[in-house]
*Asks:* 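This structure is in structure tokens; I'll ask about it shortly.
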Amino acid sequence: MTESWDTIADWYAELVRSGSALHDFGRDSLLTHLPEILPGQRVLDLGCGEGFIARAVAARGATVWGVDSSPRMIEHARTAEKSQPSGAVFSIDDGCTLATVATASVDWVTAGLSLNNVSDLDAALAAVHRVLTPGGVLIFTVPHPCFEAPHSTWTEIEDGTTRRVVGDYLSEAFWRSSNPNGARRAGNQHRKLSTYITALMRNGFEIAAIDEPTPDRRVAAAQPQRAALPPFMLFDVRRA
Ligand SMILES: C[S@@+](CC[C@H](N)C(=O)[O-])C[C@H]1O[C@@H](n2cnc3c(N)ncnc32)[C@H](O)[C@@H]1O
């Protein structure tokens with residue numbers, strides 16, 4: 001069976017809810033770039049999945065919309081919202097168009113590990129630019145393009161430590177991980193670091209910060225081989 005985000009949505013929702021150290025770390029890394037309190041602020045969470053970033057942002061007082069192209073993910077997000085209401089609202093939409101979101105209607109866009117899934121990065125960035133107010137901020141994470149390139153793997157060396165073997169960094173394409181227990185079995189778009197940066201500049205964004213968060217204790221305990229590598233790259237950019 002060829003997997004998609006919709007077919008793995010039940011598995012992904014359970015993974016996130018049961019406390020994945022890597023996903024908690026990714027969410028928290030993104031949240032550190034947002035103000036602690038956000039009353040009156042309008043936030044769009046692009047590629048919200050089961051909604052754990054959207055709900056955390058809503059808990060800071062913002063009005064939050066979560067959109068995702070997977071109907072099953074949106075079902076999970078609505079179910080979670082019903083059992084523990086945060087005020088976030090969820091709907092199906094394609095991040096490449098954001099057709100359900102009005103022009104200049106949000107102050108912030110968050111996108112946790114989702115822009116590496118859209119088929120057309122320029123279209124998605126143009127859509128985000130359209131829906132943000134002037135000066136609005138986009139904060140997003142992607143798997144670190146250098147260390148999470150297609151077919152990267154791990155190897156044990158003579159001193160007993162496990163090291164990353166970098167894969168096909170220059171192959172910018174859709175690829176699917178062969179790991180049956182990994183999210184990227186649903187496939188994702190690998191892009192070079194320079195591709196992200198130039199696409200941001202081409203679509204009218206100014207870079208405020210780029211971060212490569214150091215894995216915290218939770219990640220180091222769960223996956224010690226990751227302790228000295230940033231699993232994600234974070235972009236904090238402003239709509240010019
Ligand atoms: C790794 S999950 C991240 C979900 C959530 N942001 C999180 O951090 O748990 C990637 C999400 O991107 C969504 N996605 C993929 N392509 C998309 C698109 N074109 N538009 C909107 N969402 C998309 C998938 O359905 C999936 O829910």
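Order of appearance sets the numbers: ligands from 1, and atoms from 1 within every ligand. Values below: every heavy atom of this structure, side chains too, minus hydrogens, waters and symmetry copies.
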*Asks:* Report yes if the side chains of Leu22 and Pro231 come closer than 4.5 Å at any heavy-atom pair, otherwise no.
*Replies:*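 Yes, close enough: below the 4.5 Å cut-off.
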
*Asks:* In the hydrophobic cluster built from side-chain contacts under 4.5 Å, what are the other members alongside Ile74?
*Replies:*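 Direct or chained contacts put Ile74 with Phe90, Ile92.
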
*Asks:* I'd like the contact residues of ligand 1, where contact means a heavy atom below 4.0 Å.
*Replies:*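 Ligand 1 is contacted, at a heavy-atom distance under 4.0 Å, by Trp5, Tyr12, Gly47, Cys48, Gly49, Phe52, Ile53, Asp68, Ser69, Ser70, Met73, Asp93, Asp94, Gly95, Gly112, Leu113, Ser114, Asn117, Val118.
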
*Asks:* Quick one: salt bridge (Lys or Arg N to Asp or Glu O under 4.0 Å) partners of Glu81, sequence neighbours excluded?
*Replies:*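 Salt bridge (Lys or Arg N to Asp or Glu O under 4.0 Å) check on Glu81 returns nothing, list empty.
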
*Asks:* Scan the side chains in residues 48-59 for donor-acceptor partners under 3.5 Å anywhere in the protein, sequence neighbours excluded, and list what turns up.
*Replies:*
residue	atom	partner	partner atom	Å
Glu50	OE1	Arg17	NE	2.9
Glu50	OE1	Arg17	NH2	3.4
Glu50	OE1	Arg55	NH2	3.2
Glu50	OE2	Phe52	N	3.0
Glu50	OE2	Arg55	NH2	3.3
Arg55	NH1	Glu50	O	2.7
Arg55	NH1	Gly51	O	3.4

*Asks:* Is any side-chain N of the basic residue among Arg78 and Glu75 closer than 4.0 Å to the acidic one's carboxylate O?
*Replies:*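 Salt bridge absent between Arg78 and Glu75.
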
*Asks:* Testing the 3.5 Å rule here: is there a donor-acceptor pair between the side chains of Asp6 and Ser4?
*Replies:*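 Checked: Asp6/Ser4 side chains show no N/O donor-acceptor pair below 3.5 Å.
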
